[in-house]
Amino acid sequence: MVRRTVRFMLGLVLLVTAAFAGTLATSGTAYADECYTWNRTLSSGMSGADVTQLQIRVAGYPGYGAVLAIDGSYGPATQAAVTRFQQAYGLAADGVAGPATFSKIYALQDADCTPAHFTYAELNRCNGDWSGGAVSAATAKQNALRAMWKLEAMRHALGDVPISVSSGFRSYACNSAVGGASSSRHLYGDGVDLTGSPSLCTLAKQARNHGFNGILGPGYPGHGDHAHIDHRSSRFWSASSCGI
């Protein structure tokens, strides 16, 4: 009788432990992601490398015409971007990045840190090592990653429709071969050309909500067959055929 009771109690403890572990895994607090794992809840006033990583992933939610600074400081703009991200995915929108927010990011990102629907290969059809541009290879690749997360936000806002990238990073040699401008943002890794469906005007208009300072499209010379977006330092939007 005593042995049976001990076995019952041990089984109960194991069941409760398993259930608790499952809850942790579901909530995201015990998640180990292949790309990056957050180990604390982030909120206004905090700072650090984990805030920087969060900002990269919510930079596509700065609000119309705004650009979120990737500076590692969780200020009002970051809080607002997190809130918009949460709203976009049906999460409790409190501007605090906790387990539910991180779980959604984990679900969206691949092992190489790119968002689910875009790849480094799409953003670099020039060479394999991101070299030969206006910035270091590492910077060009990082710029492309930030552009991809903004594109992911844009894609989701458009109803999760595919977005076709026709050109991304270019070395000086690649840029010259296609007749690109000498100061092209493609040389920095943050310039992206989009084609196909949705319409070019739909893409150009939607980009205004997702942190792109540069938007060129139909009506701007040489952009009748694609929409161009980038991270230049100051705003320049021109797509007159689209009302931009």
Side-chain angles (χ1 to χ4, degrees), residues 56 58-70 77 80-81 84-85 87-88 114-126 133-135 140 143-244:
I56 290 170
V58 301
Y61 294 90
Y64 181 90
V67 177
L68 180 65
I70 312 298
R84 293 187 187 95
F85 174 87
Q87 291 169 334
T114 59
H117 300 100
F118 297 92
T119 67
Y120 282 120
E122 284 182 283
L123 272 287
N124 182 2
R125 293 186 172 95
C126 171
V135 292
N143 286 343
L145 179 66
R146 296 181 182 187
M148 281 188 272
W149 278 101
K150 293 183 181 184
L151 286 170
E152 185 72 25
M154 185 170 154
R155 184 186 191 277
H156 185 60
L158 288 169
D160 292 311
V161 297
I163 293 178
S164 298
V165 175
S166 61
S167 183
F169 168 75
R170 300 174 192 159
S171 66
Y172 279 106
C174 290
N175 191 58
S176 178
V178 298
S182 60
S183 59
S184 172
R185 293 306 305 182
H186 292 281
L187 296 165
Y188 295 82
D190 62 49
V192 183
D193 291 346
L194 307 175
T195 58
S197 179
S199 72
L200 299 181
C201 283
T202 296
L203 293 168
K205 289 178 178 179
Q206 189 64 46
R208 297 174 297 180
N209 300 306
H210 300 290
F212 293 104
N213 259 341
I215 303 174
L216 307 174
Y220 187 80
H223 289 71
D225 62 351
H226 68 280
H228 170 91
I229 52 181
D230 63 52
H231 300 166
R232 66 188 66 196
S233 59
S234 59
R235 184 190 298 181
F236 185 79
W237 294 352
S238 184
S240 58
S241 295
C242 306
I244 299 173

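All residue numbers in this chain count up from 1 along the given sequence.
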- request: Sort and list the pairs that fulfil ring-ring contact (aromatic ring centres under 6.0 Å, His included) and have at least one residue in residues 158-201, not counting sequence neighbours.
  value: W130-F169, H186-H228
How far does [atom1] of [X] sit from [atom2] of [Y], to the nearest 0.5 angstrom?
| X | Y | atom1 | atom2 | value |
| --- | --- | --- | --- | --- |
| L203 | I229 | CG | CD1 | 8.0 Å |
| C201 | I244 | SG | CD1 | 7.0 Å |
| L151 | R146 | CG | CZ | 14.5 Å |
| L123 | M148 | CG | CE | 4.5 Å |

Test of understanding: with side-chain contact (heavy atoms from CB on, under 4.5 Å), list the residues that count as partners of [X], not counting sequence neighbours.
| X | answer |
| --- | --- |
| S238 | L216, Y220, F236 |
| V161 | L158, P198 |
| S166 | D193, T195 |

Mark yes or no for whether [X], through its side chain, and [Y], through its backbone, hold a donor-acceptor pair below 3.5 Å.
| X | Y | value |
| --- | --- | --- |
| R235 | G65 | yes |
| N175 | A181 | yes |
| H156 | M154 | no |
| R84 | Y61 | yes |

Can I get a per-line list of side-chain donor-acceptor pairs under 3.5 Å for residues 206-214, giving both atom names and the distance, sequence neighbours left out?
{"from": "Q206", "atom 1": "NE2", "to": "H210", "atom 2": "NE2", "distance (Å)": "2.9"}
{"from": "R208", "atom 1": "NE", "to": "K205", "atom 2": "O", "distance (Å)": "2.9"}
{"from": "H210", "atom 1": "ND1", "to": "G60", "atom 2": "O", "distance (Å)": "2.7"}
{"from": "N213", "atom 1": "ND2", "to": "R232", "atom 2": "O", "distance (Å)": "2.9"}
{"from": "N213", "atom 1": "ND2", "to": "S233", "atom 2": "O", "distance (Å)": "3.4"}

Give me the atom names and distance for the closest heavy-atom approach of [X] to [Y].
| X | Y | answer |
| --- | --- | --- |
| A227 | L200 | N-CD2, 3.8 Å |
| R125 | V165 | NH1-O, 2.8 Å |
| A66 | P62 | O-CG, 3.2 Å |

Test item: L145 and Y120 side chains (from C-beta on) under 4.5 Å apart, heavy atoms: yes
Side chain to side chain donor-acceptor pair (under 3.5 Å) against T114, all qualifying residues, sequence neighbours excluded: D112
- request: Sort out for me which residue in N143, D230, D190 forms a side-chain hydrogen bond (donor to acceptor under 3.5 Å, both in side chains) with R185.
  value: D190
